Amino acid sequence: MKLDSIGDWRRTHYSVDVKPELDGQEVTLFGWVQEIRDLGGIRFIIMQDREGTIQVTVPRKKVSSEVLSKSDVLQKRYSIGVKGVVKKTEMTPRGIEVIPKEIRIFSTAVLRLPIDITGKTPANIDVRLDARALDLCQEENLAVFKIQHTAVEAIRNFLFERGFIEAHTPRIIASATEGGAALFPVEYFEKKAFLAQSPQLYKEELVMSFEKVFEVGPFFRAEESHTRRHLSEFVSIDIEQAFATAESVMQLLEQLMHFACKVVDEKCHNELVKLKYNVKVPKVPFKRLKYDDVLQDLKREGIEIPWGEDIPTPAFRTLGEIHPHFYFIVDWPTHSKAFYIKPRDDNPEICEGFDLMWSWIELASGGTRIASKELLIKRLKEKGLHPESFKHHLKAFDYGMPPHAGWAIGLERLTMMLTDKKNIREVTLYPRDKFRLTP
RNA sequence: GCCCUGGUAGUAUAGUCCGGUCUAGUAUAGGCGGCUGUCGCCCGCCCGACCCGGGUUCAAAUCCCGGCCAGGGCGCCA
């Protein structure tokens, strides 16, 4: 088939911007054929762009032979341009249709698409991910990422307004320093390097100059995890603030969650309708459960966890039933948290770390950090880590490390919360896990 | 890494327990034809599949073994 060039055509409107008031006006639309309903004498072409759909109506006897022959060959997903006249009508749900004067076909598509784009026969998640570029054209799936975009925009604005400076720390790091999460090794010239699991140490060093710093970016964990809420590559929203404590950054975090939910609720009405979901704007402050309270709650449900033990996933699920929305868990046993979390002055068995939970899922975690070099070295040793491998980071503590605190939000988990999706792969454009490296 | 479940047209499923009735059903997508107001359009006709390898058996989509792949759960995970 001979394809058309875009030539001097420029888009005048997105589909949603064509309204009954434009009756009689000529418009130029670009997009894709989503559906064709041919009734013989009249043909309806549902055209889609990123904002929605619009009906192009082709009455066989009233359009030019050029338009008719172009519309004869159209198939689903052909990329097209339509120049035509807006017609106000009672016969479409949106009260308008477009009668084409000229149709240009920019590209074609295969006849049997790997997934049903009409949504009548939904595909399974692995089939969808294998055809992700096409899958994302479905309005419901696009809606997920428009919501994610809106949330990130709101979060950035919120942090900018409060004087946070956006930073970019390295993704390639020299050694497996933090313990805990496993790292992906990479070849770095003649040396061995790793993909960063977090910006933790860098953002702490940056509070000495920036005071308030944040970063939004991908990080990598080589865990064996095979769950609906873990990825090998995920996006972290990290902040760190000088002259702050856990309580101050918890307040910042709950206000941020309130704000992000509010903005998504206000700006993403259409997307939420497509997802058949309502975002609840949470009231602040959020509940603050002590680790001990959590053990008590679980005990009442018949789950006994000895003090100091980690809380296993099934127990978190139970906890999520008791507390279905946002809540903090505070006063964790010191040994259950990372080495850089500050133990409480009045009781070093307990630390100033916290988790922000959404039902049973950990959305964010943070805390007051250790600002004393001696204490940090002591904690490193207690965790079985070698201060020598942290020597560059420890030097920063010789230059006036202020008291500081911070947190990190998992963006994909936040998106799950905002879209009611149960599998993190659905809210990740191209998810990476132990079993998936493509596309 | 461990456990459970599954793998049937492009997609989604029925059939598998209890082997023969399966020439493998249905929906949707796709092809051809018809239809001037559809919006999950409608009507008629058509195309298209048992994950791979081995075994048991007169006979395997169905039972057994191995492999690969997927989903869920657990553990791991700041």
Side-chain angles (χ1 to χ4, degrees), chain A residues 34-47 53-63 75-77 87 89-95 97 99 109-131 134-135 138 177-183 196-201 203-204 219-232 234 236 238 310-317 332 334-341 351 353-355 361-362 364-367 369 379 383 385 406-410 413 422-423 425 433-436:
Chain A
Q34 192 196 32
E35 210 171 345
I36 301 164
R37 288 191 279 272
D38 191 335
L39 275 65
I42 192 164
R43 175 181 288 150
F44 304 104
I45 298 157
I46 310 302
M47 188 176 163
T53 58
I54 188 165
Q55 177 170 298
V56 176
T57 304
V58 185
R60 190 173 285 275
K61 288 177 181 160
K62 292 182 190 160
V63 297
Q75 296 283 357
K76 282 188 177 128
R77 288 304 305 170
K87 191 175 151 198
T89 171
E90 297 299 312
M91 289 181 285
T92 64
R94 288 193 34 224
E97 62 188 353
I99 312 296
V110 294
L111 280 177
R112 287 178 185 232
L113 296 168
I115 52 181
D116 175 9
I117 61 163
T118 67
K120 290 172 196 163
T121 311
N124 292 326
I125 185 69
D126 63 314
V127 175
R128 289 175 47 200
L129 291 175
D130 283 341
L134 179 62
D135 181 58
Q138 299 208 67
T177 50
E178 281 198 55
L183 299 174
Q197 63 182 189
S198 132
Q200 182 63 35
L201 305 184
K203 68 176 181 171
E204 283 194 57
F219 291 97
F220 307 89
R221 306 225 172 139
E223 299 296 341
E224 300 286 351
S225 303
H226 182 232
T227 80
R228 288 180 293 166
R229 62 190 190 285
H230 286 94
L231 293 167
S232 304
F234 68 102
S236 183
D238 268 86
D310 277 333
I311 295 161
T313 306
F316 269 123
R317 287 178 194 267
W332 287 88
T334 301
H335 70 82
S336 71
K337 288 287 176 191
F339 69 88
Y340 48 78
I341 295 288
C351 69
F354 62 84
D355 286 344
I361 291 180
E362 181 191 326
S365 69
R369 320 303 191 184
R379 287 289 297 139
K383 281 274 176 188
L385 297 164
W407 42 250
I409 304 170
R413 290 184 182 182
K422 308 300 185 201
N423 189 325
R425 290 160 186 80
D433 61 42
K434 194 184 175 190
F435 306 103
R436 180 175 283 277

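Please read all numbers here as calculations on a predicted model, not as lab measurements. Below, read A as the first sequence line, B as the second, and so on, with proteins coming before strands; counting in each chain starts at 1.
Rounded to an integer number of Å, the gap from A:Arg229 CZ to B:rG73 P is 8 Å.
If you check distances only, the side chain of A:Arg60 never reaches the base of B:rC35 with a donor-acceptor pair under 3.5 Å. Below the 3.5 angstrom threshold, one finds no donor paired with an acceptor across the side chain of A:Arg436 and the base of B:rA70. Side-chain atoms of A:Glu90 and base atoms of B:rG37 include no donor and acceptor less than 3.5 Å apart.
Comparing B:rU62 with B:rA49, their C1' atoms sit 16 Å apart, to the nearest whole Å. The gap from the P atom of B:rG15 to that of B:rU8 amounts to 14 Å, rounded to the nearest Å. The same atom, C1', is picked in B:rA27 and in B:rG40; the two are 12 Å apart, to the nearest Å.
Across all strands shown, B:rG71 forms a Watson-Crick or G-U wobble pair, both distances under 3.5 Å, with B:rC4.
A:Glu97 and A:Thr57 share a side-chain donor-acceptor pair at under 3.5 Å.
Here the CD-CZ distance, from A:Glu35 to A:Arg77, works out to 13.0 Å after rounding to the nearest 0.5 Å.
Close to B:rG73, at under 4.0 Å from its OP1 or OP2, lies a side-chain N or O of A:Arg228. Under 4.0 angstrom from either OP1 or OP2 of B:rG37 there lies no side-chain N or O belonging to A:Lys87. The side chain of A:Thr313 contributes an N or O atom lying less than 4.0 Å from OP1 or OP2 of B:rG75. Side-chain N/O atoms of A:Arg37 include one lying less than 4.0 angstrom from OP1 or OP2 on B:rC41.
Taking the six-membered ring where the residue is Trp, A:Phe219 and A:Phe234 present tilted rings, their angle falling between 30° and 60°.
A 4.5 Å side-chain heavy-atom check between A:Arg221 and A:Ser198 finds at least one atom pair inside the cut-off.
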